[in-house]
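Written out below as structure tokens is the structure these notes cover.
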Amino acid sequence: NVLKYYDSPTLFDHWKAGALAGGAQVILSCPSELAKIRMQMYGVGAKTNLRHYQGSLNILLKIYRSEGLVGCYRGIIATASRDVPAFGFYFLCYEASRRELVKKNYPELMTESVAGGIGGVMSWVLTYSIDSIKSRVQADGVGGVCKYSGLMDAWAKSLQKESIFDLNKGMGVATIRAFFVNAFIFPAFVYSRKFLMERKGSAA
Ligand SMILES: NC(=[NH2+])NCCC[C@H](N)C(=O)O
């Protein structure tokens, strides 16, 4: 909808639209990322063998019961600080690549999927270290001790001990995943939209 305000949106307009969408979806991404991280940490700090495995909704419900809604939104600023730029660059890089591929007259399916893949990869490359810190904030305190007093503290303490390269550990696999996932997401979106628009057109 942001893009509707522009006759010919620039790449930066795409960044703005993406960033706004990225900010809005934090409402969902923050609690779901929290549940994911708590599931991944399942068993950390436990003194006995854990008997049963819990699903993510279960974990979230537990957090809600013990810490309330605020607890479910632990790391919301950290998540927003990742998702606003991440989705800005996601759509900017997708659009920039798409425009280049359209100029070269590549088939539509290939254009959408390669541009989507590039958007996804670039988004992660540019925000991976922010994601690492976000994960640390959301994982903090599991097993007893809290290491960080907040987002800034997590950055400061992490950068004291590690370089920015250390914060990018795991980026290789993440980008390979991102390429393929987003090479499906964008064409799926574009073709679904086309299909729905055509149906709407023929119904009218
Ligand atoms: N946190 C991000 N980098 N988000 C943008 C990429 C979102 C994309 N669907 C992916 O998971 O690859």
Side-chain angles (χ1 to χ4, degrees), residues 1-3 9-41 56-57 60 72-101 108-140 151-152 154-155 158-159 164-194 196:
N1 281 334
V2 170
L3 294 173
T10 63
L11 288 177
F12 183 53
D13 296 333
H14 281 267
W15 189 93
K16 287 188 274 188
L20 200 69
Q25 56 85 56
V26 168
I27 306 231
L28 295 173
S29 71
C30 179
S32 60
E33 290 274 303
L34 183 67
K36 178 195 77 182
I37 285 171
R38 295 295 167 88
M39 277 178 83
Q40 287 169 336
M41 299 197 63
S56 50
L57 282 180
L60 214 52
C72 296
Y73 281 95
R74 173 193 276 266
I76 187 166
I77 300 175
T79 308
S81 75
R82 177 196 74 171
D83 283 353
V84 170
F87 281 91
F89 290 119
Y90 185 47
F91 288 103
L92 182 149
C93 295
Y94 158 73
E95 184 60 21
S97 319
R98 201 184 64 87
R99 287 181 188 182
E100 283 311 307
L101 295 165
E108 191 186 19
L109 178 61
M110 188 181 141
T111 298
E112 291 299 334
S113 96
V114 172
I118 294 174
V121 169
M122 287 311 293
S123 169
W124 281 109
V125 167
L126 295 169
T127 57
Y128 200 89
S129 52
I130 311 179
D131 179 67
S132 297
I133 300 292
K134 180 215 67 101
S135 300
R136 290 178 188 190
V137 170
Q138 288 188 318
D140 199 26
L151 179 59
M152 282 300 129
W155 271 105
S158 297
L159 287 177
I164 196 86
F165 295 107
D166 295 318
L167 294 179
N168 283 316
K169 249 186 257 163
M171 193 155 84
V173 247
T175 51
I176 295 171
R177 170 208 156 274
F179 185 85
F180 290 105
V181 167
N182 295 293
F184 278 97
I185 288 181
F186 278 89
F189 170 72
V190 168
Y191 287 112
S192 309
R193 183 179 53 186
K194 233 190 208 168
L196 292 170

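When a ligand or atom number is given, it counts from 1 through the structure's own listing order.
For the atom pair Trp124 CH2 and Leu126 CG, the distance stands at 12.0 Å (nearest 0.5 Å). Note that CG of Leu92 and CZ of Phe87 are 14.5 Å apart. Values are rounded to the nearest 0.5 Å. Note that the CZ atom of Arg98 and the CD atom of Glu108 stand 8.5 Å from one another [nearest 0.5 Å].
A donor and an acceptor atom, one from each side chain of Tyr90 and Asn182, are located under 3.5 Å apart.
Not close to ligand 1: Gly120, with no non-hydrogen atom less than 4.0 angstrom away.
Annotation for ligand 1: atoms under 4.0 Å from non-hydrogen atoms of Ala86 are 1 (N), 2 (C), 3 (N), 4 (N). Atoms of ligand 1 found under 4.0 Å from any heavy atom of Ile185 (numbered from 1 in listed order, with element): 9 (N). Proximity to Asp83 (heavy-atom distance under 4.0 Å) selects the following atoms of ligand 1: 1 (N).
When only non-hydrogen protein atoms are considered, atom 5 (C) of ligand 1 lies nearest to Ser123 OG, 3.3 Å. Atom 11 (O) of ligand 1 has its closest protein heavy atom at Arg177 NH2, 3.0 Å.
The shortest heavy-atom contact between Val121 and Phe179 is CG2-CB, 3.6 Å. The shortest heavy-atom contact between Ala17 and Leu3 is CB-CG, 4.0 Å.
The option from Ile130, Asn182, Thr127 that lies nearest to atom 12 (O) of ligand 1, judged by heavy atoms, is Asn182.
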